[in-house]
Amino acid sequence: MNIQDGMVVGMHYTLKNYAGDTLDTSKGQDPMVFLYGFGNIIEGLEKAMAGKAVGDAFHVTVEPEDGYGVRDDALQQSIARRDFEGIDDIQVGMRFQAETEDGPIPIRVVAIEDDKITVDGNHELAGERLHFSVSIESVREAEAEEIQHGHVHGPGGHHH
Ligand code: ZN
């Protein structure tokens, strides 16, 4: 069975950045299971997987445009400490939801200097060229309800 839209794929993967540091891996855990063709994983990886079957293993390089996007410097801003209402202990790495004109976006604190807090709304991997090593562990047809919901049910997926 070859991977195409509407199939449930189980994969093992290791993600490295351009410098070769491992950022994430499924090794030592169950394979990551997802519904293929519904944008549940980044586009560049999904594209590279088309037509693959159980037992296939491959490497793929994903450019930022097909990954977590390019960095947008406008998403990095300095905010006065007093604007973090009700939060006394702000630390680098903390994550918040920021209310913006375009709706809430996730931001994280990247620097603190006296009363100036720098936050970044870019995805942590924005602008990164990514390397994936992938092995396909399972492929099955999705249930109609999974297609309707756009995600996998059962082991490794949603339970509801
Ligand atoms: Zn569902």
Side-chain angles (χ1 to χ4, degrees), residues 1-18 21-72 74-77 84-87 91-110 119-160:
M1 191 175 278
N2 297 90
I3 295 173
Q4 52 176 294
D5 289 357
M7 288 187 173
V8 173
V9 177
M11 68 168 178
H12 272 303
Y13 69 94
T14 296
L15 166 60
K16 294 184 178 184
N17 63 13
Y18 192 59
D21 306 318
T22 298
L23 303 177
D24 192 14
T25 182
S26 63
K27 285 197 182 124
Q29 307 165 46
D30 290 333
M32 179 190 168
V33 179
F34 66 98
L35 181 59
Y36 182 85
F38 285 74
N40 289 316
I41 60 171
I42 60 171
E43 192 183 347
L45 184 55
E46 196 158 63
K47 271 193 223 159
M49 215 173 270
K52 300 278 199 257
V54 171
D56 283 347
F58 58 97
H59 300 272
V60 57
T61 300
V62 176
E63 301 296 333
E65 294 79 3
D66 294 324
Y68 292 99
V70 294
R71 276 193 62 82
D72 179 355
L75 292 177
Q76 184 159 320
Q77 287 183 14
F84 286 81
E85 283 167 37
I87 305 161
Q91 291 176 10
V92 170
M94 285 177 91
R95 290 156 197 281
F96 299 94
Q97 290 282 337
E99 298 301 329
T100 73
E101 288 169 11
D102 301 324
I105 63 161
I107 58 169
R108 71 205 145 85
V109 176
V110 293
V119 297
D120 193 339
N122 286 288
H123 189 282
E124 271 170 86
L125 295 177
E128 291 265 15
R129 175 191 261 180
L130 305 171
H131 292 265
F132 287 91
S133 304
V134 176
S135 62
I136 306 301
E137 305 294 325
S138 63
V139 180
R140 68 166 168 86
E141 302 264 8
E143 307 287 338
E145 198 184 44
E146 290 175 314
I147 302 272
Q148 251 175 28
H149 290 194
H151 56 228
V152 174
H153 293 163
H158 289 238
H159 298 271
H160 63 126

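As the structure lists them, so they are numbered: ligands from 1, and atoms in each ligand from 1.
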Item to check | Ion pair check, Glu128 and Lys16, cut-off under 4.0 Å | outcome: no
Checklist entry - Is there a side-chain contact between Glu143 and His153 (heavy atoms, below 4.5 Å)? => result no
Item to check | Pairwise side-chain contact, Thr22 with Leu15, heavy-atom cut-off 4.5 Å (strictly under) | outcome: no
Checklist entry - Is there a donor-acceptor contact under 3.5 Å from the side chain of Ser138 to the main chain of Gly10? => result yes
Next on the checklist: Quiz question: by atom type and distance under 3.5 Å, do the side chains of His12 and Ser135 form a donor-acceptor pair?
Outcome noted: no
Item to check | Shell of protein N/O/S atoms around the Zn ion (ligand 1), taken as anything under 2.8 Å | outcome: His149 ND1, His151 NE2, His153 NE2, His160 NE2
Checklist outcome for this item: The complete set of ring pair (Phe, Tyr, Trp, His ring centres under 6.0 Å) pairs with one or both residues in residues 37-71, sequence neighbours excluded, reads Tyr68-His123
